[in-house]
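The structure appears right after this line, and notes come after that.
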Amino acid sequence: MIRRPFVTHGPEPLPTPRERQAIRRRLLGWYDRNARDLPWRRRADDPYAQWVAEIMLQQTQVDTVIPYYDRFLARFPDVNKLARATNDQLMRQWEGLGYYRRAANLHRAAKLIAAAGGQVPASAESLLALPGVGRYTAGAIASIAYDERAAAVDGNVARVLSRLFNITAEVSSPDTQRRLWAVAESLLPAKRCGDFNQAWMDLGATVCTPVGPRCERCPLASVCLAHQHGDPASLPRKTPARDVLEIHHVVAVIGHKDTYLLNRRPPGGLWGNLWEFPNRPIARPRDRLAGLRSMLSELGMPTRDTVRDAGTLDHRLTHRLMHFHTHVIDAAQPRRATAKPAGVRWVKSAQIEEFPMSTACRKILAIARR
DNA sequence: AACTCGGGGAT
DNA sequence: ATCCCAGAGTT
């Protein structure tokens, strides 16, 4: 029988003070030797820069974020500049990064901060009040930018801790999340909490990886319960992903001379606030011409213009496989705003790059121009 | 507790 | 193909 190295405190096994000290020393020592050189770490004393980084990093890998981050900070170097930007200017910088509500919330929060004097809130509790800032993000910013003793449990930390303590319960359940946060808080050192939190993330990203963890390189292997008498690679346990829903849309790329008809999507929901070519869902591919006709009619467009089938653009999201059946229409006589729905406008071809669009819509534009 | 919300990297 | 990513907000 293997000795239980941890005392039980309520339902969650909290490490003993001796174990906590060992973990802190080993993890921080490892971080001092192995920390990744990342753009936001060069401006750790700038709460605004840290805030932007944490929002971009939500559900987004580091290597994907870096180019966006550099461009964004160059374009909006402080919170007041961000607050004064237009929605389109901001969304254009965010284009391609996904989860566009993050950008909307960032803009809302920047305006709130600018109106209140321009100081980014300086505690986890006050950060939590900002739109788009949850428990993780508040703890990350507070610990990194303000050296507050706050935990920050993201996907990396949850994976490392579930292995370290061999937590086999479903990781996303409220009970498991509560246990993970309690353990993370119990492990926080007195100082360097920002480095400590980031050390978990670096360890999770480079050593304690989802597939094929490199336990032989892990500074915590000797105190890791899953490594000693479990199966690290099988943790954390997750519920199976749902089926991917397959859906179809008909798209009308309507051109007149060198202008296109664009539509601004409503805020909230998929691709909120982004521009797009008029489109609508259809039940199946063979409904596309009927869908196209009724769509043109509602746009106030003549229905007997030349229509060219530009093919289908397939676009995969996490839980959806979308097929955009694209048609190019040469509008002979576009009508004036009389019958045009709100949010619809003509945009010059040369200016279309300035209008924020989804990655799918950019691809649709590319096949329409062929 | 279950959904929604993107797009891409890694394997 | 599949998993998952420095999660938050809504229902």
Side-chain angles (χ1 to χ4, degrees), chain A residues 36 38-41 44 50-69 91 94-106 108-109 127-145 150-160 170-177 180-181 184 194 196-206 208-213 233-245 265 267-274 314-322 356-363:
Chain A
R36 292 175 289 179
L38 302 174
W40 42 93
R41 289 185 179 166
Q50 210 53 229
W51 171 42
V52 171
E54 289 302 337
I55 300 300
M56 284 191 172
L57 286 160
Q58 287 169 4
Q59 291 295 289
T60 311
Q61 294 184 355
V62 164
D63 288 340
T64 302
V65 164
I66 288 175
Y68 283 87
Y69 181 79
M91 298 308 287
W94 207 271
E95 181 181 310
L97 205 49
Y99 285 144
Y100 297 93
R101 191 176 55 181
R102 293 183 295 175
N105 283 336
L106 191 66
R108 270 210 296 152
L127 285 162
L128 199 51
L130 296 175
V133 176
R135 190 177 181 185
Y136 161 77
T137 304
I141 299 171
S143 64
I144 296 167
V153 178
D154 71 334
N156 284 308
V157 181
R159 181 173 59 254
V160 177
E170 214 287 310
V171 67
S172 69
S173 76
D175 180 62
T176 306
Q177 285 293 308
L180 290 169
W181 278 91
F196 190 71
N197 286 334
Q198 293 182 91
W200 289 120
M201 300 177 205
D202 279 21
L203 190 69
T206 63
C208 196
T209 48
V211 178
S234 73
L235 297 176
R237 217 188 88 204
K238 299 195 172 184
T239 54
R242 286 173 298 146
D243 290 343
V244 174
L245 195 61
R265 295 177 63 89
L270 185 64
W271 296 320
N273 284 333
L274 297 186
D314 301 325
H315 190 72
R316 179 178 295 279
L317 280 60
T318 300
H319 296 300
R320 266 183 252 187
L321 177 54
M322 308 181 76
M357 303 171 71
S358 69
T359 297
C361 207
R362 288 283 175 218
K363 292 177 179 171

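The structure presented is a predicted model; accordingly, all values stated were derived computationally and were not measured. Just so it is clear: chains get the letters A, B, ... in the order the sequence lines come, proteins before strands, and each one is counted from 1.
- Of all the heavy atoms in Ala140(A) and Ala152(A), the pair that sits closest is N-CB, 3.7 Å.
- In this entry the distance linking CE of Met322(A) with P of dG8(B) reads 15 Å, nearest Å.
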Produce the list of close N/O pairs, under 3.5 Å, pairing protein atoms with atoms of nucleotides 2-4 of chain C; give distances to one decimal.
none

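- If you measure from atom CZ of Arg362(A) to atom P of dG6(B), you get 16 Å, rounded to the nearest angstrom.
- Atoms CG (Asp154(A)) and P (dC5(C)) sit 8 Å apart, rounded to a whole Å.
- His315(A) comes within 4.0 angstrom of the backbone, heavy atoms only, and of no base.
- For Trp271(A) and dG7(B), the shortest distance from a side-chain N or O to OP1 or OP2 is below 4.0 Å.
- Applying the side-chain contact (heavy atoms from CB on, under 4.5 Å) rule to Asp202(A) yields the partners Trp30(A), Tyr31(A), Ala35(A), Arg36(A), Arg41(A); only residues at least two apart in sequence or on another chain are considered.
- Considering only residues two or more places apart in sequence or on other chains, Ala138(A) meets the side-chain contact (heavy atoms from CB on, under 4.5 Å) condition with Ala124(A), Leu127(A), Leu128(A), Val133(A).
- One can find a donor-acceptor pair under 3.5 Å joining the base of dG6(B) and the side-chain atoms of Thr60(A).
- As judged by a 4.0 angstrom heavy-atom cut-off over every strand, Arg242(A) is placed among the base-contacting residues.
- Closest-nucleotide positions on DNA chain C for Gly132(A) and Trp40(A) were compared, and the one nearer the 5' end corresponds to Trp40(A).
- Among all heavy-atom pairs drawn from Gly204(A) and Asn156(A), the shortest one is C-OD1, 3.5 Å.
- At whole-Å resolution of the value, OH in Tyr136(A) and P in dA8(C) are 8 Å apart.
- The stretch residues 95-105 of chain A touches DNA chain B through Gly96(A), Leu97(A), Gly98(A), Tyr99(A), Tyr100(A), each having a heavy atom within less than 4.0 Å of the strand.
- Between Gln59(A) atom CD and dG9(C) atom P there is a gap of 13 Å when expressed in whole angstrom units.
- For the side-chain hydrogen bond (donor to acceptor under 3.5 Å, both in side chains) test, residues two or more places apart in sequence or in another chain that qualify with Thr176(A) are Ser173(A).
- Comparing the C1' positions of dG6(B) and dC4(C) gives a spacing of 13 Å, expressed to the nearest Å.
- Rounding to whole angstrom units, CG of residue Asp202(A) and C1' of dC5(C) are separated by 14 Å.
- The side-chain hydrogen bond (donor to acceptor under 3.5 Å, both in side chains) test applied to Tyr136(A) returns Glu54(A), not counting sequence neighbours.
- Residues of residues 50-58 of chain A that place a heavy atom closer than 4.0 Å to DNA chain C, in numerical order, are Glu54(A), Leu57(A), Gln58(A).
- Residues satisfying the ring-ring contact (aromatic ring centres under 6.0 Å, His included) criterion with Tyr69(A), sequence neighbours excluded, are Trp40(A).
- In terms of the ring-ring contact (aromatic ring centres under 6.0 Å, His included) criterion, residue partners of Phe196(A) (sequence neighbours excluded) are, by chain and number, Trp200(A).
- Residue Leu270(A) contributes atom CG, which lies 18 Å from atom P of dC3(B) at whole-angstrom precision.
- A search for side-chain hydrogen bond (donor to acceptor under 3.5 Å, both in side chains) contacts involving Arg102(A) returns Thr60(A), not counting sequence neighbours.
- Annotation: side-chain hydrogen bond (donor to acceptor under 3.5 Å, both in side chains) contacts of Ser172(A) (sequence neighbours excluded): Glu170(A).
- Straight-line distance from the CG atom of Leu317(A) to the P atom of dC3(B): 17 Å, rounded to whole Å.
- Take Pro210(A) and apply the side-chain contact (heavy atoms from CB on, under 4.5 Å) test, not counting sequence neighbours, and it matches Arg159(A).
- Considering only side-chain atoms of Thr64(A), the nucleotide from dC5(B), dG7(B), dG9(B) that sits closest is dG9(B).
- The base of dA6(C) lies close enough to the side chain of Arg36(A) for a donor and an acceptor atom to sit less than 3.5 Å apart.
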